[in-house]
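Below is one structure, written out as structure tokens; comments come after it.
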Amino acid sequence: TMAFSPDGAQLLTGMDKPQELFAAQVWNAMTGESRARLDDGAIAISTPGSTETQSPLLEQHIRVAWAGDRLVTVNFNLGRGSIWDAGTRARLTEFKVGARSMELAPIGGEAAPRLAMAADGQRFVVAGFDDSARIFATREGKMITSLVHPFPKLARAELSADGVVAISHAAALFVRR
């Protein structure tokens, strides 16, 4: 996934290639020059003939969001996310997003958008593989609430512009205030 900075000058991309075992990368949106790599602990240790990583699989499928002076990355393989300072690129906090899991994108397509930011950037929601949608405060990374989806196979969650109403989607829509 990817997200632009509020001024459109930078681009945050989630990594998904085996050789890119870090959470995300910040790019200059005009030149394509790499500005920073964000390491969430999934770094691989390569030796001839083998690769070791904290992640159960080499494919990462990192979800990302940009909210003002905060960057959010979610690595479902590790079962956790991180909030980063957009200026210094320092990791500020980690949060749990449920069980470790792996989602493969359909051939020629993208994986489900499991991370959504409220329009004001104050809250974000993560659709976990344990059928729970967790809403977090962006500044502190603290979970505000967890909503268990009544249907199996939660695929995505969205927040209203004010971050008050959550909608999750699996086989059917479920709206919670």
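Residues: numbered from 1 along the sequence shown. All figures in this text were calculated on a predicted structure; none of them were measured in a lab.
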Within the structure provided, determine whether [X] and [Y] are in side-chain contact (heavy-atom separation under 4.5 Å).
X: R70; Y: D85; value: yes
X: V26; Y: W66; value: yes
X: R139; Y: D69; value: yes

What's the spacing between [X] [atom1] and [Y] [atom2] if we round to 0.5 Å?
X: R80; Y: T73; atom1: CZ; atom2: OG1; result: 9.5 Å
X: W27; Y: E33; atom1: CH2; atom2: CD; result: 10.0 Å
X: K96; Y: M143; atom1: NZ; atom2: CE; result: 11.5 Å
X: I144; Y: Q122; atom1: CD1; atom2: CD; result: 9.5 Å
X: E94; Y: W84; atom1: CD; atom2: CH2; result: 8.0 Å

Q) Side chains of S82 and R91: is there a donor and an acceptor less than 3.5 Å apart? A) yes
(Q) Run the side chain to side chain contact (heavy atoms under 4.5 Å, CB included) test on K142 and T93 for me, step by step, so that the C-alpha distance in whole Å, both residues' side-chain angles and the decisive distance to 0.1 Å come before the verdict. (A) CA-CA 9 Å; K142 299 218 186 283; T93 190; over 6 Å; no
Q. Which word best sums up how the rings of F136 and F95 line up, parallel for under 30°, tilted for 30 to 60°, or perpendicular for over 60°?
A.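 Taking F95 first and then F136, their aromatic rings sit tilted (interplane angle of 30° to 60°).
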Heavy-atom closest pair, residues [X] and [Y]:
X: A3; Y: V64; result: N-CG2, 4.1 Å
X: A65; Y: L12; result: O-CD2, 3.6 Å
X: G8; Y: A29; result: O-CB, 3.5 Å
X: M117; Y: R123; result: SD-O, 3.4 Å
X: I83; Y: T138; result: CD1-O, 3.2 Å

**Q.** Connected via hydrophobic side-chain network under 4.5 Å: F4 and L71
**A.** no
Q.
Please determine whether residues V74 and M2 belong to a single hydrophobic cluster, defined as Ile, Leu, Val, Met, Phe, Trp and Tyr linked transitively by side-chain heavy-atom distances below 4.5 Å.
A. no
